[in-house]
Amino acid sequence: FAAIHELKQDTDIVLAIGHTDADYDTAMGAVEAGITHATHLFNAMPGIHHRNPGVIPAAVENPNVRAELICDGFHVHPASVRLAFAMFGGERMIIVSDSGRCCGMPEGTKFDIGGQYAWLRDGVARLEDGTIACSAANLYTCMVNAISFGIPEADAVRASTWNPACAIGAENVVGSIETGKRADFLVCSPDYTQRRVYLRGVAI
């Protein structure tokens, strides 16, 4: 935990735990040392067991920890998405896409990821052995997915905008529509069909 304490001195660094086999005690020690972020909740980490709770309860129990969730519809089951929001609350959840270079590409696209080849098939990117390589969805799609899974609209929007901005200390620049901010936002229909996208106040 010494490295966490040392890195914590730099206030621009966000320290995260994720993709780990750490047990509850180790994860709790890391959180108490200064971890404030749980990366890709449920993925590449132990599930919750009643005698060996693992990383997730350690993150839940500390109110300073926010949790990321990949809501592409493949990485995490809708029931687990609802469970995560119930455990952490809408104010601590962050929806991420985890999208790779295949995002927006046609079905069957082959691409390199970390020195391995992956293919986009049936909407998800997989390695040759079938392992999920990354997401092929954008963040907006993930937010809409979360709503379709039963997450309240306000919580899903907050988890895709304000919460991640706060997590990286950028809430004074982006994350909400306010005077003096960058005016990055989009306009959509009631059914969430995108109508227009603005960057720095300019429609693109």
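Reckoned from all heavy atoms, side chains included, excluding hydrogens, waters and symmetry mates. This chain uses plain numbering: 1 for the first residue, then up along the sequence.
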Would you compute the distance between atom [atom1] of [X] and atom [atom2] of [Y] and round it to the nearest 0.5 angstrom?
X    : Y    : atom1 : atom2 : value
E107 : L120 : CD    : CG    : 5.5 Å
R158 : I94  : CZ    : CD1   : 10.5 Å
I132 : D72  : CD1   : CG    : 7.0 Å
C188 : Q194 : SG    : CD    : 8.0 Å
F85  : E91  : CZ    : CD    : 10.5 Å
I168 : D12  : CD1   : CG    : 11.0 Å

Residues at least two apart in sequence or cross-chain that pass salt bridge (Lys or Arg N to Asp or Glu O under 4.0 Å) with D23, listed by chain then number, are none
For the residue pair [X] and [Y], what are the closest heavy atoms and their distance?
X    : Y    : value
P57  : G54  : CD-O, 3.6 Å
A22  : A27  : CB-N, 4.4 Å
A16  : T39  : CB-OG1, 3.4 Å
R196 : A203 : CD-CB, 3.8 Å
A156 : I95  : O-CD1, 3.8 Å
P46  : I56  : O-CD1, 4.2 Å

Exam field: side chain [X] to backbone [Y], donor-acceptor pair closer than 3.5 Å:
X    : Y    : result
T109 : C102 : no
N43  : H75  : yes
S176 : E178 : no
R66  : F88  : no
E171 : W162 : no
S189 : D191 : no
R92  : V65  : yes
N64  : T36  : no

So ring pair (Phe, Tyr, Trp, His ring centres under 6.0 Å) across residues 132-154, not counting sequence neighbours, yields none
Just wondering, do [Y] and [X] contact through their side chains at under 4.5 Å, heavy atoms?
X    : Y    : answer
D112 : R101 : yes
I70  : F42  : no
R126 : R121 : no
S97  : N138 : no
F1   : I35  : no
D155 : M93  : no

Linking I/L/V/M/F/W/Y whenever their side-chain heavy atoms sit closer than 4.5 Å, directly or via other members, would [X] and [Y] fall into one cluster?
X    : Y    : answer
L83  : V55  : yes
I17  : I13  : yes
M87  : L69  : yes
L139 : I177 : no
V96  : I151 : no

| Got a sec, which residues hit side-chain contact (heavy atoms from CB on, under 4.5 Å) with D184, two or more places apart in sequence or on another chain? |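 Scan of D184 (side-chain contact (heavy atoms from CB on, under 4.5 Å), adjacent residues dropped) gives V174, R182, L199, R200.
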Practice problem: Could you tell me whether D122 atom CG has more than 12 heavy atoms of other residues or ligands within 6.0 Å of it? | Solution: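 No, the 6.0 Å shell around CG holds no more than 12 heavy atoms from other groups.
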- Message: Applying side-chain hydrogen bond (donor to acceptor under 3.5 Å, both in side chains) to S148 and N145, what does each step give before you reach the verdict?
- Response: CA-CA 5 Å; S148 73; N145 283 345; 4.6 Å; no
